[in-house]
> 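Let me begin by handing over the structure; questions about it come next.
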Amino acid sequence: MKIVVTSIFVSDQDRALQFYSEKLGFVKKEDVPVGEYRWITLVSPDEQNGTELLLEPNNHPAAKEYQTKIFADGIPAAMFGVEDIHTEYKRLLENGVKFTMEPTQMGHLTLAVFDDTCGNLIQIVQK
């Protein structure tokens, strides 16, 4: 068994697609209409047959409440691995990404947290 799709709630699918592809560099894999929303998935450019990230609309009241509360408490909704966190941090800053935590070493990990502009905090981590 393996993870093939994981999702993140977003307040606006179009804005999320733009942010995750243009700012972060993920590649759109699927974009299929499903009623009033779309099934939009992205993948890492280095692993285009790897795990897909689904940009899930937060239109359900429980999804909105969950998303709002973990954001308010400073809890990242997802974690992405990077090879060199300081290089990635600089690249993202130059792309206009707003960080809530700069690269910080915690044990054997170094992590940073940014706002995805769609209701989530996202953590990047270097092991």
Side-chain angles (χ1 to χ4, degrees):
M1 188 177 307
K2 62 183 179 177
I3 300 169
V4 294
V5 176
T6 188
S7 64
I8 187 166
F9 292 118
V10 296
S11 57
D12 181 310
Q13 285 187 299
D14 289 322
R15 188 170 69 228
L17 177 58
Q18 181 179 8
F19 181 87
Y20 282 81
S21 59
E22 294 177 14
K23 302 279 187 185
L24 302 187
F26 289 111
V27 176
K28 181 171 65 172
K29 182 150 186 175
E30 302 274 346
D31 190 346
V32 180
V34 182
E36 65 180 287
Y37 298 103
R38 294 159 30 214
W39 175 270
I40 304 171
T41 64
L42 300 115
V43 293
S44 167
D46 299 330
E47 295 181 20
Q48 294 192 25
N49 292 317
T51 304
E52 297 176 44
L53 177 65
L54 173 64
L55 302 178
E56 181 81 31
N58 72 353
N59 63 318
H60 189 280
K64 281 185 184 177
E65 183 177 358
Y66 167 79
Q67 186 183 31
T68 301
K69 287 185 175 186
I70 66 168
F71 186 93
D73 286 346
I75 300 170
M79 178 189 299
F80 303 137
V82 297
E83 291 293 320
D84 182 334
I85 197 163
H86 296 287
T87 299
E88 194 66 20
Y89 174 75
K90 183 179 178 191
R91 181 186 77 81
L92 293 174
L93 278 177
E94 289 170 354
N95 278 333
V97 174
K98 306 293 185 211
F99 279 81
T100 61
M101 178 198 286
E102 62 186 35
T104 304
Q105 188 163 354
M106 295 190 176
H108 68 285
L109 303 174
T110 303
L111 56 92
V113 179
F114 61 85
D115 183 336
D116 78 349
T117 73
C118 299
N120 302 293
L121 295 174
I122 303 296
Q123 183 170 290
I124 54 173
V125 62
Q126 177 185 336
K127 288 186 177 186

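Just so we're clear, the structure is a prediction, and the values are computed from it rather than from any experiment. Quick note: numbers below take in every heavy atom, side chains included, and nothing from hydrogens, waters or symmetry partners.
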> Give, for atom CG of D12 and atom OG1 of T117, the distance between the pair rounded to the nearest 0.5 Å.
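If we round to the nearest 0.5 Å, D12:CG and T117:OG1 are 8.5 Å apart.
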> In terms of ring plane angle, is the pair F80 and Y20 parallel, tilted or perpendicular, where the classes change at 30° and 60°?
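Ring orientation, 0 to 90° scale: perpendicular.
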> Measure the spacing between OG1 of T87 and CG of L92 and express it to the nearest 0.5 Å.
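Taking OG1 in T87 and CG in L92, the distance rounds to 11.0 Å.
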> Closer than 4.0 angstrom, basic N to acidic O: yes or no for R91 and E88?
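Answer for the salt bridge query: yes.
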> Output, in order, the C-alpha distance, side-chain angles, deciding distance and verdict of side-chain contact (heavy atoms from CB on, under 4.5 Å) for R15 and C118.
CA-CA 7 Å; R15 188 170 69 228; C118 299; 3.8 Å; yes
> Enumerate donor-acceptor pairs with a distance under 3.5 Å from any side-chain N or O in residues 48-55 to protein atoms, sequence neighbours excluded.
unit_1	atom_1	unit_2	atom_2	d
Q48	NE2	P45	O	3.4
T51	OG1	I3	O	3.2
E52	OE1	T41	OG1	2.7

> Are the side chains of P103 and H86 in contact, using a 4.5 Å heavy-atom criterion?
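Side-chain contact under 4.5 Å: yes.
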> Check S11 against G119 and note the closest heavy-atom contact, atom names and distance.
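Taking S11 first and G119 second, the nearest heavy atoms are OG-N, 4.3 Å.
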> Rounded to the nearest 0.5 Å, what separation is found between the CG atom of N95 and the CZ atom of F19?
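Rounded to the nearest 0.5 Å, the CG-CZ separation comes to 9.0 Å.
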> Without swapping roles, check the side chain of N120 against the backbone of Q67 for a donor-acceptor pair under 3.5 Å.
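Not at all, since once roles are kept as given, no pair shorter than 3.5 Å links the two residues.
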> Can you confirm whether L42 sits close enough to L24 that some side-chain heavy atom of one is under 4.5 Å from a side-chain heavy atom of the other?
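Not in contact.
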> About how many Å separate CD of Q123 and CD1 of I75, when rounded to the nearest 0.5 Å?
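Result: 11.0 Å between the selected atoms.
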> Quick check on the hydrophobic clustering: are F99 and I85 connected, directly or via other members, by side-chain heavy-atom contacts under 4.5 Å?
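Yes, F99 and I85 fall within the same hydrophobic cluster.
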> Is there a chain of hydrophobic side chains (I, L, V, M, F, W, Y, each step under 4.5 Å between heavy atoms) that links I124 to L121?
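The answer is no; the residues belong to distinct hydrophobic clusters.
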> Could you walk me through whether D115 and F71 pass side-chain contact (heavy atoms from CB on, under 4.5 Å), step by step?
CA-CA 9 Å; D115 183 336; F71 186 93; 3.6 Å; yes
> Please check if M101 and L109 belong to a single hydrophobic cluster, counting links between Ile, Leu, Val, Met, Phe, Trp and Tyr side chain heavy atoms closer than 4.5 Å.
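Both belong to a single hydrophobic cluster.
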> Using a strict 4.0 Å threshold on nitrogen-to-oxygen distance, state whether D116 and K23 make a salt bridge.
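Looking at K23 together with D116, the answer is no, because their closest N to O distance does not fall below 4.0 Å.
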> Are V43 and M79 connected in a single hydrophobic cluster, I mean Ile/Leu/Val/Met/Phe/Trp/Tyr linked by side-chain heavy atoms less than 4.5 Å apart?
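The answer is no; the residues belong to distinct hydrophobic clusters.
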> Between CD of E56 and OH of Y37, what distance do you get to the nearest 0.5 Å?
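If I round to the nearest 0.5 Å, the distance is 10.5 Å.
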> Using the rule that two of Ile, Leu, Val, Met, Phe, Trp, Tyr join whenever any of their side-chain heavy atoms come within less than 4.5 Å, decide whether V113 and I122 are in one cluster.
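No: no chain of side-chain contacts under 4.5 Å links V113 to I122.
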> Is a side-chain N or O of Q13 found less than 3.5 angstrom from the main chain of I40, in a donor-acceptor match?
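No; zero donor-acceptor contacts below 3.5 Å.
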> Roughly how far, to the nearest 0.5 Å, is the CG atom of D31 from the CZ atom of R38?
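Nearest 0.5 Å value for the CZ-CG distance: 4.0 Å.
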